Amino acid sequence: MKRDALYIDGEWTAADSGKTIDVVNPATGAVIGTVPDAGAAETRKAILSAERAFESYSQTTAADRAAKLHKLHDLILDHQDDLARMLTEEQGKPLTEARAEIGMSAAYVRWFAEEARRVYGEIIPSPWQDRQLHATREPIGVVAAITPWNFPSSMLARKIAPALAAGCTVVAKPASQTPYSGLIWGQLCEAAGFARGVVNVVTGDARTIGAELCSNQAVRKVTFTGSTQVGKILLRQAADTVKKVSMELGGNAPFIVFDDADLDAAVAGAIAAKFRNSGQTCVCTNRVYVQDGIHDAFMARFATAIEALKMGNGLEDDVQAGPLIDENSLAKVEEFVADAQAKGGNITLGGKRLRSRGFFFAPTLIENANDDMRLSREEVFGPLAPVFKFTSEEEVLRRANATEFGLAAYFYTQSLGRAMRVSRALEYGIVGINEGLVTTEVAPFGGFKESGVGREGGPHGIEDYLEIKYVCMGGLG
Ligand SMILES: NC(=O)C1=CN([C@@H]2O[C@H](COP(=O)(O)OP(=O)(O)OC[C@H]3O[C@@H](n4cnc5c(N)ncnc54)[C@H](OP(=O)(O)O)[C@@H]3O)[C@@H](O)[C@H]2O)C=CC1
Ligand SMILES: O=C(O)[C@H](O)CS(=O)(=O)O
């Protein structure tokens, strides 16, 4: 199924320069293929194609768009195994997680196939006898979508699906480390019946492509998932042409275990929220806070559960933890471990690279973590579980909220009163109570503070791809 060319205006092409980018399997370090290294000229072509296609696509009926999206949903599931295998080969996650991600992509497409037919307007009670007022919701226009390597399929689904449902056209740029899971959307959308130019996918130099997408007048919206650092660059660039933006950025999730928690549930939740995708998700637990009374019992069981994780090539059976995405990520995790050790942390498990080939880092448990460590302030994006002790509810809430991020937070308690108090006090866009895996297409996904702008999925997800038009019809006196 692999496509290794640009998808522009319904055609598969090379970069103008003929240059390519190598794609590496992070489990082996081997080059598994190449994709075009496109630049501004190819991006402009893609934008022009999307602009032309928008003239007709924006006039299609909601029913027609919904039908095509349902067809796209079916095609994704028909090819789930092939798409999952391709994703694991370029990203490294275990095949079970890759299949789940492809399933999530299909779920987002189905959700927005349904939402497409629920874009209503309003008739407004007029303050004038001779005028009728109404408001309509219209597709915003050409959408630029830039996506990360950690969920190369579902992050694109979360953008392409609402855009197509609303009547918008798209130019997408997947991450260079995981381009195949992005390019294949061109083939899938074409097979689902979307006309040429409705969806375009380009790979290449991120800065150049991004600058063109953010500055080109024909692009009316930029939607991005990735680091807060890059999100700020795009926000600045998009400001010059006042583009609408959606930003899903970095996180620094606290995972709080109170004395009255169900211990087994808390350990299972901590494993799920910390080690999914080897810790490379924006909603991964970054800090584990455990109350004094339950700390030793939690640590004993948490260590046993971490030791039981099977690390390896995601294509192998029963693997639960794959490699990190690249050498830079490995080096960054090593820096976090060295900093924690230098500041009094005890490396109880792991703490080092594994294997000579591939980018594997052992699932790691750090005891006696403290707020001076870099890993308490910065997003680790790796399989490091630092455990911090706390005494009171007030103290842990102050520490949990002491960050510029506000994406996801988790806590475990069996007290209803505490659940209500703590949920309200946490400054995060996503809160899991007694649950470590909370993502679903039916709920709004997004963050407070520097974790982003807007919400994806759920009943609000399509709103970011629509403009509201107020119409005042006069002369009716
Ligand atoms: N809130 C959320 O839902 C999510 C947040 N994230 C956050 O992203 C980070 C890890 O993902 P990662 O992919 O490394 O993030 P990056 O921000 O480095 O890259 C994300 C995407 O942006 C592109 N990009 C990089 N620099 C620029 C630029 N100057 N202009 C335009 N595009 C650019 C990349 O292209 P290229 O690959 O070619 O460099 C890639 O496609 C973590 O901080 C994580 O928390 C990740 C996933 C979800
Ligand atoms: O990119 C991410 O980290 C995803 O948003 C995580 S999730 O949506 O799969 O939970």
Side-chain angles (χ1 to χ4, degrees), residues 21 23 35 37-39 43 90-91 93 97-98 100-105 107-108 144-159 172-179 181-182 201-215 222-238 246-253 272-273 276-286 324-326 328-329 332 378-382 405-408 428-430 432 436-441 443-458:
I21 301 170
V23 184
V35 291
D37 187 2
T43 305
E90 64 178 350
Q91 198 275 344
K93 66 180 64 175
E97 288 190 27
E101 181 180 345
I102 300 300
M104 183 59 81
S105 293
Y108 274 109
I146 300 176
T147 51
W149 49 261
N150 59 345
F151 288 84
S153 177
S154 59
M155 289 309 100
L156 200 45
R158 229 152 68 171
K159 296 164 174 43
K173 191 212 79 65
S176 299
Q177 296 104 322
T178 55
S181 297
V201 189
V202 296
T203 56
D205 178 67
R207 289 172 187 276
T208 309
I209 294 172
E212 181 62 37
L213 291 172
C214 288
S215 62
V222 175
T223 173
F224 171 71
T225 294
S227 62
T228 294
Q229 178 196 354
V230 172
K232 290 179 178 177
I233 293 170
L234 298 176
L235 282 167
R236 291 190 196 99
Q237 291 177 337
S246 296
M247 294 280 148
E248 293 293 346
L249 307 178
N252 179 6
R276 179 164 69 111
N277 203 9
S278 286
Q280 301 171 113
T281 96
C282 56
V283 291
C284 268
T285 292
N286 213 56
L324 299 185
I325 191 68
D326 57 21
N328 288 342
S329 293
K332 191 175 156 190
E378 299 173 44
E379 182 178 48
V380 169
F381 237 53
F405 293 107
L407 188 57
Y428 290 83
I430 302 166
L437 293 177
V438 299
T439 301
T440 167
E441 75 280 7
F445 187 106
F448 289 12
K449 300 194 271 188
E450 296 192 22
S451 284
V453 178
R455 292 297 182 269
E456 294 192 307

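Small disclaimer: the values here were computed from a predicted structure and weren't measured. Both counts, for ligands and for their atoms, begin at 1 and track the order of listing.
Near G250, meaning under 4.0 Å from any of its heavy atoms, are these atoms of ligand 1: 45 (O). Under a 4.0 Å criterion applied to the non-hydrogen atoms of L234, ligand 1 contributes the atoms 30 (N), 31 (C). Ligand-side atoms of ligand 1 in range of R207: 29 (N), range being under 4.0 angstrom from any heavy atom. Heavy-atom proximity to N150, at under 4.0 Å, picks out these atoms of ligand 2: 1 (O), 2 (C), 3 (O). For ligand 1 and F445, the ligand atoms under 4.0 Å from any heavy atom of the residue are 3 (O).
Here the straight-line distance linking atom CZ of F448 with atom CD1 of I430 works out to 10.0 Å at 0.5 Å rounding. Separating the CZ atom in F381 from the CG atom in N286 is a distance of 10.0 Å, to the nearest 0.5 Å. Atom CG of D326 and atom OG of S176 lie 11.0 Å apart (nearest 0.5 Å). From K449, atom NZ reaches atom CG of L249 across 14.0 Å, with rounding to the nearest 0.5 Å. A distance of 13.0 Å separates OG of S227 from CD of E248, quoted to the nearest 0.5 Å. Rounded to the nearest 0.5 angstrom, M247 CE and L235 CG are separated by 4.5 Å.
At under 3.5 Å, a nitrogen or oxygen of R276, whether backbone or side chain, sits near a nitrogen or oxygen of ligand 2. Between T281 and ligand 1, no pair of N/O atoms sits closer than 3.5 Å. Polar contact check, I146 against ligand 1: no nitrogen or oxygen pair lies under 3.5 Å apart. For C282, a nitrogen or oxygen atom sits less than 3.5 Å from a nitrogen or oxygen atom of ligand 2, counting backbone and side chain alike. Where the criterion is an N or O separation shorter than 3.5 Å, residue side chain and backbone included, R158 meets it with respect to ligand 2. Annotation: S154 places no N or O atom under 3.5 Å from an N or O atom of ligand 2; distance criterion only. The distance criterion of under 3.5 Å between nitrogen or oxygen atoms is met by E379 with respect to ligand 1.
Here R158 has side-chain heavy atoms under 4.0 Å from ligand 1, and that is the only part of it that gets that close. The part of L407 lying near ligand 1 is the side chain, judged by heavy-atom distances below 4.0 Å. Proximity of E97 to ligand 2, defined as any heavy-atom pair under 4.0 Å, is not found for any part of the residue. In F151, neither the side chain nor the backbone holds a heavy atom less than 4.0 Å from any atom of ligand 1. When non-hydrogen atoms are compared, ligand 2 lies under 4.0 Å from neither the backbone nor the side chain of N277. Heavy atoms of T439 found under 4.0 angstrom from ligand 2 belong exclusively to the side chain. Only the side chain of M155 comes within 4.0 Å of ligand 2, judged by heavy-atom distances. If you look at Q229 next to ligand 1, there are no close heavy atoms at all, none under 4.0 Å.
Among all protein heavy atoms, the one lying closest to atom 22 (O) of ligand 1 is F224 CE1, 3.2 Å. Of the protein's heavy atoms, F151 CE1, 3.7 Å lies nearest to atom 6 (C) of ligand 2. For atom 3 (O) of ligand 1, the closest non-hydrogen atom of the protein is C282 SG, 3.1 Å. Closest to atom 38 (O) of ligand 1 among all protein heavy atoms lies S176 OG, 2.5 Å. In this structure, the protein non-hydrogen atom closest to atom 48 (C) of ligand 1 is T225 CG2, 3.0 Å. What sits closest to atom 30 (N) of ligand 1 on the protein, heavy atoms only, is A206 O, 3.6 Å. Scanning the protein for heavy atoms near atom 46 (C) of ligand 1, the closest one is N150 ND2, 3.5 Å. Scanning the protein for heavy atoms near atom 6 (N) of ligand 1, the closest one is G226 O, 3.4 Å. Distance from atom 10 (C) of ligand 1 to its nearest protein heavy atom, with residue and atom name: F381 CE2, 3.3 Å.
Here the side chains of M155 and P174 are not in contact, with every heavy-atom distance at 4.5 Å or above. Taking 4.5 Å as the limit, some side-chain heavy atom of L407 sits within range of a side-chain heavy atom of V283. By the 4.5 Å heavy-atom criterion applied to side chains, Y108 and E456 are not counted as neighbours. When side chains are defined from C-beta on, V23 counts as touching P179, because their heavy atoms get closer than 4.5 Å. Looking at heavy atoms from C-beta onward, K232 lies in side-chain contact with E450 at the 4.5 angstrom threshold.
Screening T225, V453, T223 for a side-chain contact (heavy atoms from CB on, under 4.5 Å) involving S246 leaves a single residue, T223. Of the residues listed (E101, E90, Q91), the one engaging S181 in a side chain to side chain donor-acceptor pair (under 3.5 Å) is E90, and it is the only one.
Contact between A38 and I209 at its shortest, heavy atoms only, is O-CD1, 3.9 Å. In plain terms, the two heavy atoms of G250 and S451 that are nearest each other are O-OG, 2.6 Å.
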_Test side chain to side chain contact (heavy atoms under 4.5 Å, CB included) applied to F445 and C282, step by step_ = CA-CA 11 Å; F445 187 106; C282 56; 4.0 Å; yes
*Could you walk me through whether L156 and S105 pass side chain to side chain contact (heavy atoms under 4.5 Å, CB included), step by step?*
CA-CA 8 Å; L156 200 45; S105 293; over 6 Å; no
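The cationic group of K173 does not satisfy the cation-pi geometry with F224, failing either the under 6.0 Å distance to the six-membered ring centre or the 45° limit from the ring axis.
When T147, D205, N277 are checked for heavy-atom proximity to atom 40 (C) of ligand 1, T147 turns out nearest. Summarising the contacts of atom 17 (O) of ligand 1 with A145, G204, S227, P179, the nearest heavy atom is found in S227.
Residue contacts with ligand 2 do not include E101, since none of its heavy atoms lies under 4.0 Å from the ligand.
The protein does not reach atom 19 (O) of ligand 1 closely, with no heavy atom under 4.0 angstrom from it.
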